[in-house]
Amino acid sequence: MCGRYASFRDAQDIADDLAVAEIAEDARLLPPSWNVAPTDPVRIVVERPRRLESGQTGEITRMLRLARWGLVPSWAKDPSVGARMINARTETLLDKPAFAKPLGVRRCLLPADGYYEWRKLELPPGASARAKVPKQPYWIHPDDGGVAALAGLYEFWRDRSKADDDPDRWLVSATVITTAASADLERIHDRMPVVLPRASWDAWLDPAVGAEQAMGVVTGPQVEMATRPVGDAVGSVQNNRPSLLDVDPDPRDPDVVTAGRG
């Protein structure tokens, strides 16, 4: 799964990296985060028709917008369901109603600098079977230091309790697509987010690309990732600072997983 990630690049840097033409003001003002958690506001890159002052729609434009992490289907009774839909498995994208439609018409990229995952370790000798399983957190990021463009889906949910002219009547939410972990990363966790290479961004965002073609993109090549063990502080959402990325000087993992340049 992907339950925590970091996104601390400036909005303009993201726009430059991903060829974004339009940045929503709330996306520009979102502060950096080294510990993005479910239901947090996150930036997403989408391609949608530009809204004109006349109320009509214009040309397809690549935009940086704000969404809530955790997809809320349009038919949901309330947005609380989003907390359970932070991830979407590639294996069921075409089957689950909450994901099948967005796969065809509402795909996005979630720009990140990397993500965190926890490796379950063996209980120490003599430990009770009820003892808490020790875990080692890892920071996982593109080996080349570039942006991690996480493949995602987004959706619109209408709050029927709000008036038609209430600007908060629509909630935009998003989910991160995951897949089986690569050979380098499966020792840490059996799942990983889909991190698309630059060559795949255009096809993934193109609204003219259908669901079947999109499946070919999301199951295609991915970015090479590097790993490093980090401290336990990342486990608390109250902690949000650059030092979360520092190498753990005394990892509890006796067999530290290393990939790339760490």
Side-chain angles (χ1 to χ4, degrees), residues 1-11 13-14 24 26-46 64-73 76 78-89 98-99 102 108-120 132-142 147-157 168 171-179 181 185 188-196 225 227-248:
M1 63 174 293
C2 175
R4 297 285 180 83
Y5 70 92
S7 180
F8 45 80
R9 296 182 189 225
D10 180 78
D13 290 340
I14 293 173
D26 53 1
R28 186 185 298 277
L29 296 176
L30 186 70
S33 178
W34 290 265
N35 200 355
V36 180
T39 74
D40 280 353
V42 295
R43 293 180 175 123
I44 62 172
V45 176
V46 302
L64 187 65
R65 299 188 61 173
L66 207 63
R68 193 174 82 165
W69 186 15
L71 190 134
V72 180
D78 64 76
S80 63
V81 67
R84 303 192 301 274
M85 293 192 180
I86 63 169
N87 291 160
R89 297 170 67 95
F99 304 139
C108 66
L109 294 172
L110 291 87
D113 291 275
Y115 68 98
Y116 302 98
E117 195 54 85
W118 281 257
R119 185 188 191 195
K120 291 182 179 180
K132 186 177 181 180
V133 175
K135 296 181 181 180
Q136 175 67 55
Y138 280 85
W139 166 242
I140 305 173
H141 61 96
V147 64
L150 310 181
L153 308 173
Y154 69 101
E155 187 57 277
F156 295 97
W157 179 80
D168 295 326
L171 171 68
V172 183
S173 61
T175 187
V176 173
I177 297 175
T178 67
T179 189
L185 300 180
I188 298 175
H189 197 278
D190 64 348
R191 304 292 297 178
M192 66 180 188
V194 174
V195 184
L196 293 178
M225 306 297 278
T227 66
R228 77 169 72 128
V230 294
D232 291 331
V234 69
S236 171
V237 295
Q238 304 302 318
N239 298 321
N240 196 335
R241 54 184 183 269
S243 62
L244 294 180
L245 309 185
D246 292 347
V247 176
D248 186 347

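Note that this is a predicted model, so its numbers are computed, not measured.
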> How far apart are the C-alpha atoms of His189 and Tyr138, what are their side-chain angles, what is the distance that settles it, and do they pass the side chain to side chain contact (heavy atoms under 4.5 Å, CB included) test?
Replying inline: CA-CA 10 Å; His189 197 278; Tyr138 280 85; over 6 Å; no
> Yes or no on side chain to side chain contact (heavy atoms under 4.5 Å, CB included) for Ile86 and Val176, after CA distance, side-chain angles and deciding distance?
Replying inline: CA-CA 6 Å; Ile86 63 169; Val176 173; over 6 Å; no
> Would Glu117 and Arg191 count as a side chain to side chain contact (heavy atoms under 4.5 Å, CB included) if you check the C-alpha gap in whole Å, the side-chain angles of each, and the deciding distance to 0.1 Å?
Replying inline: CA-CA 9 Å; Glu117 195 54 85; Arg191 304 292 297 178; 5.9 Å; no
Quick check for you: to the nearest 0.5 Å, what is the distance between [X] atom [atom1] and [Y] atom [atom2]?
{"X": "Ile188", "Y": "Ile140", "atom1": "CD1", "atom2": "CD1", "value": "4.0 Å"}
{"X": "Arg119", "Y": "Lys135", "atom1": "CZ", "atom2": "NZ", "value": "13.5 Å"}
{"X": "Ile14", "Y": "Ser7", "atom1": "CD1", "atom2": "OG", "value": "4.5 Å"}
{"X": "Leu244", "Y": "Asn35", "atom1": "CG", "atom2": "CG", "value": "5.5 Å"}
{"X": "Phe99", "Y": "Met85", "atom1": "CZ", "atom2": "CE", "value": "5.5 Å"}
{"X": "Leu185", "Y": "Met225", "atom1": "CG", "atom2": "CE", "value": "7.0 Å"}

Taking [X] for its side chain and [Y] for its backbone only, find out whether a donor-acceptor pair lies under 3.5 Å.
{"X": "Asn87", "Y": "Thr178", "value": "no"}
{"X": "Asp40", "Y": "Trp69", "value": "no"}
{"X": "Arg4", "Y": "Val234", "value": "yes"}
{"X": "Arg28", "Y": "Leu64", "value": "no"}
{"X": "Trp157", "Y": "Ala76", "value": "yes"}
{"X": "Asp248", "Y": "Pro229", "value": "no"}
{"X": "Arg9", "Y": "Pro111", "value": "no"}

>> Can you classify the ring geometry of Tyr154 versus Phe156 as parallel (below 30°), tilted (30 to 60°) or perpendicular (above 60°)?
In response: perpendicular
> Hey, what's the ring geometry for Trp34 with Phe8, parallel, tilted or perpendicular (30° and 60° as the breaks)?
Replying inline: parallel
Using every non-hydrogen atom in the two residues, find where [X] and [Y] come nearest and quote the distance to one decimal.
{"X": "Asp232", "Y": "Pro137", "answer": "OD1-CD, 3.6 Å"}
{"X": "Val72", "Y": "Glu155", "answer": "O-CG, 3.4 Å"}
{"X": "Arg65", "Y": "Ala27", "answer": "C-CB, 3.9 Å"}
{"X": "Gly70", "Y": "Ser173", "answer": "O-CB, 3.3 Å"}
{"X": "Pro193", "Y": "Tyr115", "answer": "CD-CZ, 3.3 Å"}
{"X": "Pro142", "Y": "Asp113", "answer": "CD-O, 3.6 Å"}

>> Consider ring-ring contact (aromatic ring centres under 6.0 Å, His included). Of Tyr5, Tyr116, Trp118, which one does Trp139 pass it with?
In response: Tyr116
> Given the rule in the side chain to side chain contact (heavy atoms under 4.5 Å, CB included) test, do Thr179 and Met192 qualify, once you have shown the distances and angles that lead to the verdict?
Replying inline: CA-CA 6 Å; Thr179 189; Met192 66 180 188; 4.0 Å; yes
> Applying the side chain to side chain contact (heavy atoms under 4.5 Å, CB included) test to Leu150, which of Leu196, Thr175, Leu110, Ile177 qualifies?
Replying inline: Leu110
